Amino acid sequence: MTNEMENSKSNIGISVDMFTSNTFKGLFVLTGVFASFLSTHMQITSKLLFITIIAMPLAIQEKFGLYQGFTLMMTMCFSFVIFSPQLLYFQFAKARIEGRKDVLAFSGLSKFYWHLTWNLTTSALIFIQYLVLLIVGLILGAKFCTFVSWLTYIPILLLLSLQVSLLCDVVQNFCTSMEHFEQFFGVFTQLFFVLPSLAGGFFLDKIPKLVFPFLSFIPAFSVMNAISTGFDIGYFNKSVSSIYADNYLVIQLIMQIIYICILLYISLLLDKSLVKSTSKIESKQTRTVKQTEKQLQSKAFNFGVEQMNLDTYNRYQIQNSKLHGDIVLYNSNNNDVLNYSSNQNKTGVLIYNVSKSYKSSKKTIDANKNVNLLINNNEIFGVLGPNGSGKTTLCKAVMMAQTIDSGDIVVNGLSIRSDFKEVQKKIGICLQNDAGLFEELTVIEHLLFYKAICTNPSEIDFLAQFQLEEHKDKRAKELSGGWKRRLSVACALQNNPDILILDEITSGVDAVAREELWKLLKEICRDKTIIATTHTLHEAQTYFDRVAFIMNGQIVCCGKVDDITNLYKNKICLEVRGLLPKSFFAEMKELEIIVEDNQVVGQRIQMLEAQCQDNVEVLFQHLNEFQEHKIIESFSITQRQFDQVFYELIRVCE
Ligand SMILES: Nc1ncnc2c1ncn2[C@@H]1O[C@H](COP(=O)(O)OP(=O)(O)OP(=O)(O)O)[C@@H](O)[C@H]1O
């Protein structure tokens with residue numbers, strides 16, 4: 001469910017509140033300090049009351065965003081989980097430790113029942129708390145989706161609760177008195193959360209929004225409380241404990257300051273990885289220039305139609321993470337200058353020198369290498385390339401669904417680096433595998449859900465437009481692939497985006513449905529820019545205004561489909577029935593017609609490629625003669641087709 005929510009957020013391009021580090025950081029520190037203070041100075045009931053009173057209004061304030069609310073919600077739930085059932089458990093522990101073993105034989109089945117009771121109580125408490133939050137939140141006007149996303153935290157809390165119950169069991173085995181038990185329980189509960197939390201932080205680093213609460217809150221909270229309880233139970237030697245007792249308030253103050261520093265340090269660390277600092281971007285510039293130089297010399301780029309001239313590139317300036325100055329991309333083959341800064345409204349999408357690599361323990365994969373593209377307003381732009389060439393990575397970069405290592409993307413004049421919140425509102429994205437759909441929700445529920453969470457809802461009745469009426473009560477999991485794609489696109493359009501990103505939306509869709517979907521899109525998105533990836537070359541040829549070929553993360557060719565096909569206008573594909581004599585190939589070579597001899601003996605139809613100058617008729621004469629003399633049965637000629645260009649590009653670039 002957590003993943004599903006994560007995917008859905010990146011998938012829909014609606015204005016789901018993104019992580020805004022500064023407000024989050026401030027709130028986080030405050031909450032942490034407050035929780036820590038409460039945990040050492042107050043009774044359980046007062047703690048709960050205080051946390052709820054403070055956290056509730058903050059949590060439902062939209063301006064603090066989804067994650068801030070989420071974290072505060074977590075703070076409250078955490079307190080409930082740790083403190084409330086603890087009271088109950090203490091009663092059981094007391095009974096056992098004080099010798100009423102006959103009443104509560106803590107072994108076998110009864111132990112199992114005990115754990116079950118513990119977890120059910122905790123679950124019930126969490127659920128009741130959630131319901132109260134939901135009702136109060138809805139009355140106060142919070143958006144429903146915020147609460148839906150909070151639901152994802154419940155399983156994590158239940159897991160924590162289970163850990164605590166197991167821990168209690170371990171602790172009470174070596175406790176001789178109730179006092180002992182209470183003290184040990186305090187230390188162990190807190191310490192017990194440090195390792196899982198750190199591990200959670202380590203493994204969850206692909207989902208920074210979740211790392212934050214995990215990494216900073218729980219460990220810091222736990223360590224502080226463990227130290228505090230350590231003093232209380234006299235774990236430290238007598239002189240240290242008496243110093244502690246005498247200077248209780250000062251020490252508490254120092255501890256709180258240390259705690260704030262830990263939180264701030266961790267948040268700064270995370271901040272760096274989330275939003276790249278200006279200095280970091282600038283320092284990357286020198287490296288990027290070198291890469292571009294190298295790129296210009298490379299086989300792949302020389303093959304290209306559109307490339308960045310180095311002088312022009314050097315005129316780019318990035319100041320304060322924003323693109324300034326003359327932004328000019330030009331096609332070195334036909335000197336067709338595309339001047340972005342002369343584009344008065346700064347519309348369209350400028351992808352400028354974007355690089356992204358994925359690092360794993362074994363190697364680094366360069367998914368996008370210095371990608372430069374200018375996608376004009378209201379055009380359907382296709383990104384083509386073999387599997388793993390970097391298409392999806394590029395789509396995600398435009399949406400900021402993942403960070404980029406260098407470069408910038410400017411959407412309608414706004415940089416994703418500095419204005420990503422605004423940019424996100426303008427983009428609708430439909431990623432592969434229907435990532436934004438929830439299996440259990442029906443078609444109509446999807447549309448309502450996405451409509452509820454968007455900032456600029458479209459007027460269009462997508463149920464009717466996408467002919468989804470007859471499927472409206474079907475759950476997403478009951479839809480066929482084609483209908484799922486339709487629903488995904490409809491969801492992505494709910495926020496009325498200016499830019500629609502469609503990542504392989506027609507994969508697994510039959511030819512008729514594909515045609516219908518594209519016709520519909522062309523109609524609905526007349527005033528929108530579409531960036532689409534596909535493996536279906538026919539689709540690119542038929543529906544896209546321009547296409548870019550991406551190979552090993554680099555753009556190798558970009559332009560109108562016809563222009564690209566014409567690149568090969570001197571290349572001819574021959575289909576020959578029969579076997580041509582070897583002398584034919586030598587003879588043609590002398591006439592400067594290169595025919596590749598890849599004939600296979602015994603094969604009825606031979607597919608050959610020929611490259612001619614202006615003397616193609618000589619080739620035809622020779623083939624005609626062979627046919628008349630019955631050396632070959634027949635031959636036919638096809639002009640270079642778009643898909644053959646595609647294969648050629650792959651061959652040349654590999
Ligand atoms: N999260 C990730 N972690 C590590 N490597 C990744 C990740 N996402 C993508 N890659 C790698 O980056 C490269 C580009 O992947 P990407 O998904 O962008 O390609 P694609 O062109 O969309 O492929 P396909 O056509 O199969 O969807 C691939 O080698 C892929 O294995």
Side-chain angles (χ1 to χ4, degrees), residues 295-307 331-334 382 384-389 534-542 547-552 554-654:
Q295 191 186 50
L296 285 167
Q297 291 158 3
S298 79
K299 188 167 102 182
F301 233 73
N302 285 338
F303 192 79
V305 180
E306 195 168 273
Q307 61 189 21
N331 178 336
S332 65
N333 279 14
N334 60 11
L384 308 182
N387 288 126
S389 54
T534 184
H535 287 290
T536 319
L537 299 167
H538 172 73
E539 184 173 294
Q541 215 168 359
T542 320
V547 293
F549 282 92
I550 186 165
M551 228 66 81
N552 302 323
Q554 286 182 303
I555 301 290
V556 292
C557 191
C558 173
K560 287 186 180 153
V561 171
D562 287 345
D563 291 347
I564 293 176
T565 314
N566 281 342
L567 272 179
Y568 296 90
K569 60 175 181 279
N570 292 331
K571 279 203 169 187
I572 287 169
C573 198
L574 293 172
E575 191 183 300
V576 180
R577 283 170 189 263
L579 210 60
L580 287 161
K582 292 278 174 206
S583 58
F584 164 77
F585 297 96
E587 212 175 312
M588 287 295 112
K589 203 170 175 184
E590 276 174 25
L591 296 167
E592 292 187 358
I593 299 174
I594 314 294
V595 186
E596 272 183 28
D597 181 10
N598 50 4
Q599 297 187 109
V600 182
V601 181
Q603 189 172 290
R604 199 157 163 259
I605 300 173
Q606 310 288 343
M607 300 297 292
L608 305 176
E609 275 188 359
Q611 190 155 11
C612 338
Q613 304 303 322
D614 294 329
N615 51 352
V616 68
E617 68 285 353
V618 181
L619 178 71
F620 295 164
Q621 275 169 16
H622 275 76
L623 290 171
N624 264 328
E625 277 171 28
F626 285 132
Q627 196 178 335
E628 278 165 22
H629 291 100
K630 305 236 177 312
I631 294 171
I632 57 171
E633 261 178 64
S634 64
F635 70 93
S636 61
I637 293 165
T638 51
Q639 193 71 28
R640 272 266 149 187
Q641 285 299 307
F642 187 59
D643 42 359
Q644 283 163 326
V645 176
F646 183 75
Y647 301 133
E648 181 84 0
L649 280 167
I650 295 178
R651 197 173 61 80
V652 172
C653 294
E654 272 172 0

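Everything quoted here is computed from the prediction, not taken from an experiment. Each residue takes its place number in the sequence, starting with 1. Side chains are part of it too, since the values below use all heavy atoms of this structure and drop only hydrogens, waters and symmetry mates.
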> Can you list the residues that meet the ring pair (Phe, Tyr, Trp, His ring centres under 6.0 Å) rule with F585, with sequence neighbours excluded?
Replying inline: none

> Can you check whether F626 reaches P581 side chain to side chain, under 4.5 Å on heavy atoms?
Replying inline: yes

> Out of curiosity, E587 CD to K582 NZ, how far, rounded to the nearest 0.5 Å?
Replying inline: 15.0 Å

> If you round to the nearest 0.5 Å, how far is CD of E575 from OG of S636?
Replying inline: 4.0 Å

>> Let me confirm one number: the CD-CZ distance from Q554 to F549, rounded to the nearest 0.5 Å.
In response: 15.5 Å

> For K630, which residues count as a salt bridge (Lys or Arg N to Asp or Glu O under 4.0 Å) partner, sequence neighbours excluded?
Replying inline: none

>> As an exercise, state the distance from CD1 of I555 to CD1 of I550, rounded to the nearest 0.5 Å.
In response: 4.5 Å

> CG/L384 to CD/Q541 distance, rounded to the nearest 0.5 angstrom?
Replying inline: 10.5 Å

>> Quick check: do I632 and L579 have side-chain heavy atoms less than 4.5 Å from each other?
In response: no

> Is there side-chain contact between L591 and H622, with at least one heavy-atom pair below 4.5 Å?
Replying inline: yes

> Is it true that a side-chain atom of Q603 and a backbone atom of I605 form a donor plus acceptor pair closer than 3.5 Å?
Replying inline: yes

>> My understanding is that only residues two or more places apart in sequence, or in another chain, count here; which of them pass ring pair (Phe, Tyr, Trp, His ring centres under 6.0 Å) with F635?
In response: none

> Roughly how far apart are Q627 CD and E633 CD, rounded to 0.5 Å?
Replying inline: 9.5 Å

> H535 versus N387: any side-chain heavy-atom pair under 4.5 Å?
Replying inline: yes

>> I need the single residue from V595, L608, L574, D597 that forms a side-chain contact (heavy atoms from CB on, under 4.5 Å) with L580. Which is it?
In response: L608

